Amino acid sequence: MLDKKNRLKKKKEFNYIYKKGNAFFCKFFTMYVVKTKYPFSQIGFTVSNKVGNSVTRHRIKRLMSEAIRQNLNLLPVNNYVFVARAGSEELGLNEVTNNFLYLLKKSGLLKLNNEN
RNA sequence: UUAGGUAGCCAGAUGGUUACAUCUUGUGCGUAAUUGUAUGAGAUGAGGAAAGUCCGAGCUUCAUAGAACAGGGUGCUGGAUAACUUCCAGUGAAGGCGACUUUAAGGAAAGUGCAACAGAAAUAAACAACCUAAAAUUUUUAGGUUAAAGGUGGAAAGGCGAGGUAAGUGCUCACCGAUAUGUUGGUGACAACAUAUGCUCUGUAAACCCCACCCGAAGUAAGAUUAAAAAGAACCGUUACAAAGUUGUUCGCUAGGUUCUUUAAAAACAUCGCUUGAACUGAUUGGCAACAAUUAGUUUAGAUAGAUUACCAUCUAAAACAGAACUCGGCUUAUAGACUACACUAACAAA
RNA sequence: GCGGGUGUAGCUCAAUGGUAGAGCCCUAGCCUUCCAAGCUAGUUGCGAGGGUCCGAUUCCCUUCACCCGCU
């Protein structure tokens, strides 16, 4: 799990990010991004009710958080929400991280980070 | 040996690195102090069903928590339990070669309803059968007796056999069944035995209903604390009419009630409720058992976007179903694989 | 977490416990020079599993899927 300060918690924040954020899609996940005031980034994970069991849903959340936690230094400072879509039940850790990297490249945030 | 029956247990293990939650604690920063913040150490950290939410309780609130009706639930007997649509032991019935299993099992003679099609007839009696007489010539009419066989149907008037009869019929008899009475046994459901009655009176109550017993409602997102709040607006009532009040209707009850806006760092994104509980483990005693009593020991998750991870190695053929959210007692459903016990059962083989 | 509701033909719906129907759709034929419209005929079934009953879409129990409300 992430540290407490890096988690998104409140329902208002989630709704704000859903409304105002830029969305990027791939096959298994969608990503919403919004800029923050704070010097650290806050990240939230959601899995919809239609994906599998509560056990598998919880497992996907943990995999996503682990993938973010290992690559926290690469992330530019923003607020993120990652949503898992149907079909993501059978992914492993490496595939999740690859998907996330693909999303970040697609959004153009990672390139800037590499140039700096 | 094979196929079963019953009862029960486990729910991958070990090691390494790593992440998170709670609690305890050390150090640094900061503060008048608490809170805070950063970083270390230690301990603990999800099931047999945590699930479904099908029942029953605790706890909290609702007017003082009341009454009647409606509505709902349960339904063989005795016991267990805080309580129960639960459990245990029995009775009856059904199934199985058997060990054994299953069982919402009161009342149809209180009343109402329904029973399609078929069949003469469906809850009451004649498609017909037999006999007698007359006509007439293989049929009709009149009278009488009876309920056997036939086919229909889920169900057909106690069953089967013998005697008897014009043909038949509990008309008579034996056996079985039924009903009533009595005796004995059992706490009881009921069972056994004896005697009597030839014994019309279907099924359905998981159709309405009757009888007996039980049930107020909502749910921790209940609710409480921090506060001493202040100001304003709207509606209803203050004439017990009317309105509001935690299911429906009526009675009874409550005198103020409901909603909204603004201000203050915050009236929630805070704290409590929240985990010591009809708790768990072991022993002894009582009981066939469910369970109870006594005694010794243990303290065992408590989050609020919501904690048990990720990777690797070894064992292994492969690891099922599945994630606490106030707490207990049950029920139901899902479930890979491994294991244990039995004077258990059947078949086959050998002695 | 708590509460409520619905499952019938490809779609929208109906039904007294007696063996399931209507409209649109689809198929074939008729009509028309051809198409459309119209007429005739036909195909496709009660979410799943048990029980009560002679008999269940209907009654009872369990279960699955979907939808809605509180938050």
Side-chain angles (χ1 to χ4, degrees):
Chain A
M1 290 294 294
L2 300 173
D3 278 341
K4 265 191 174 178
K5 66 174 185 181
N6 286 332
R7 300 183 204 164
L8 270 182
K9 292 190 173 183
K10 294 161 196 169
K11 194 168 183 177
K12 285 181 186 174
E13 300 173 351
F14 273 81
N15 286 330
Y16 178 80
I17 291 172
Y18 286 141
K19 283 182 184 174
K20 302 274 175 118
N22 299 318
F24 300 95
F25 304 93
C26 76
K27 192 178 178 184
F28 299 111
F29 301 97
T30 73
M31 184 178 72
Y32 296 86
V33 186
V34 163
K35 292 182 181 178
T36 49
K37 321 172 190 175
Y38 303 109
F40 48 86
S41 58
Q42 290 182 320
I43 303 150
F45 306 98
T46 68
V47 185
S48 88
N49 206 10
K50 294 177 183 176
V51 178
N53 248 338
S54 61
V55 177
T56 58
R57 261 177 267 140
H58 192 50
R59 181 181 161 75
I60 292 165
K61 268 191 192 179
R62 286 185 318 227
L63 280 177
M64 292 197 289
S65 67
E66 183 71 17
I68 293 295
R69 192 182 64 81
Q70 289 180 359
N71 302 317
L72 247 184
N73 299 324
L74 297 178
L75 271 180
V77 174
N78 281 316
N79 278 353
Y80 300 91
V81 171
F82 290 94
V83 180
R85 311 168 97 186
S88 58
E89 299 98 335
E90 299 173 354
L91 297 179
L93 181 65
N94 294 325
E95 306 171 22
V96 174
T97 51
N98 288 333
N99 275 311
F100 280 3
L101 291 176
Y102 169 76
L103 277 176
L104 289 170
K105 281 179 189 172
K106 192 179 177 184
S107 62
L109 295 167
L110 246 187
K111 274 186 182 177
L112 291 172
N113 197 23
N114 284 338
E115 285 172 5
N116 291 339

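Both backbone and side-chain heavy atoms feed into the values below; hydrogens, waters and symmetry mates do not. Note that the structure is predicted; figures quoted are calculated from it, not measured. Quick note on labels: first sequence line is chain A, next is B, and so on, each numbered from 1.
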For this session: Tell me the partner of B:U137, counting only Watson-Crick (N1-N3 plus N6-O4 or O6-N4) or G-U wobble (N1-O2 and O6-N3) with both under 3.5 Å; none if nothing fits.
Result: none

For this session: Have a look at B:U275 and give me syn or anti from its glycosidic angle (syn if within 90° of zero).
Result: syn

For this session: Quick one: the dot-bracket string of RNA chain C, using Watson-Crick and G-U wobble pairs with both distances under 3.5 Å, [ ] for crossing pairs and | for bases paired to another strand.
Result: (((((((..((((....[..)))).(((((.......)))))....(((((..]....)))))))))))).

Problem set entry | Inter-nucleotide C1' distance (B:C344, B:G203), Å rounded | 43 Å

Exercise. Looking only at heavy atoms, which two atoms of A:Ala67 and A:Thr97 are closest? And how far apart?
Worked result: CB-CG2, 3.3 Å

Exercise. Looking only at atom C1', what distance separates B:A125 and B:A147, rounded to whole Å?
Worked result: 9 Å

For this session: Please measure how far the P atom in B:U35 lies from the corresponding atom in B:C23, and state the result in whole Å.
Result: 13 Å

Problem set entry | Closest non-hydrogen atom pair between A:Phe100 and A:Ile68, with its separation | CD2-CD1, 3.7 Å

Exercise. If we call it a pair only when both distances are under 3.5 Å in a Watson-Crick or G-U wobble match, what pairs with B:U258?
Worked result: B:A234

For this session: Quickly work out the A:Glu66 CD to B:U17 P distance and round it to whole Å.
Result: 17 Å

For this session: Classify the angle between the aromatic ring planes of A:Phe45 and A:Phe82 as parallel (below 30°), tilted (30 to 60°) or perpendicular (above 60°).
Result: parallel

For this session: Send over the distance from A:Arg62 CZ to B:C311 P, rounded to a whole Å.
Result: 10 Å

For this session: Find the distance between OH (A:Tyr80) and CZ (A:Phe24) and round it off to the nearest 0.5 Å.
Result: 10.0 Å

For this session: Figure out the NZ/P separation between A:Lys61 and B:G323, and round it to whole Å.
Result: 14 Å

Exercise. When the C1' atoms of B:A218 and C:C70 are considered, how many whole Å apart are they?
Worked result: 13 Å

Problem set entry | Base partner of B:G182, which must satisfy Watson-Crick or wobble distances under 3.5 Å | B:C193

Problem set entry | Watson-Crick/G-U partner (both atom distances under 3.5 Å) of B:A338 | none

Problem set entry | Syn/anti label of B:G48 as read from its glycosidic torsion, with the cut at 90° from 0 | syn

For this session: Please give the nucleotide sitting opposite B:U34 as a Watson-Crick or G-U wobble pair, both distances under 3.5 Å, or none.
Result: none

For this session: In whole angstrom, give me the gap between the P atoms of B:C10 and B:G287.
Result: 30 Å

Exercise. How far, in whole Å, is C:G3 from B:A222 if one measures between their C1' atoms?
Worked result: 15 Å

Exercise. Using atom C1' of each nucleotide, how far apart are B:G273 and B:U308 to the nearest Å?
Worked result: 27 Å

Exercise. Now, which nucleotide makes the Watson-Crick or G-U wobble pair with B:C160, with each of the two distances under 3.5 Å?
Worked result: none

Exercise. Given B:A310, is OP1 or OP2 found less than 4.0 Å from the side-chain N or O atoms of A:Arg59?
Worked result: yes

Exercise. Going by a 90° cut-off around 0, is B:A268 syn or anti?
Worked result: syn

Exercise. Are A:Ile43 and A:Met64 close enough, and set up right, to give a side chain to side chain contact (heavy atoms under 4.5 Å, CB included), and what steps lead you there?
Worked result: CA-CA 10 Å; A:Ile43 303 150; A:Met64 292 197 289; over 6 Å; no

Exercise. Counting only Watson-Crick or G-U wobble pairs whose two distances fall under 3.5 Å, which nucleotide matches B:U298?
Worked result: B:A279

Problem set entry | Minimal non-hydrogen separation, A:Thr30 against A:Phe25, with atom names | CG2-CD2, 3.3 Å

For this session: Take atom CG of A:Leu63 and atom P of B:U18, then tell me their distance rounded to the nearest Å.
Result: 20 Å

Problem set entry | Integer angstrom distance from the C1' of B:A162 to that of B:U140 | 41 Å

For this session: Calculate, to the nearest 0.5 Å, the distance between atoms CG and CG belonging to A:Asn99 and A:Leu104 respectively.
Result: 11.0 Å

Exercise. Now, which nucleotide makes the Watson-Crick or G-U wobble pair with B:G203, with each of the two distances under 3.5 Å?
Worked result: B:C114

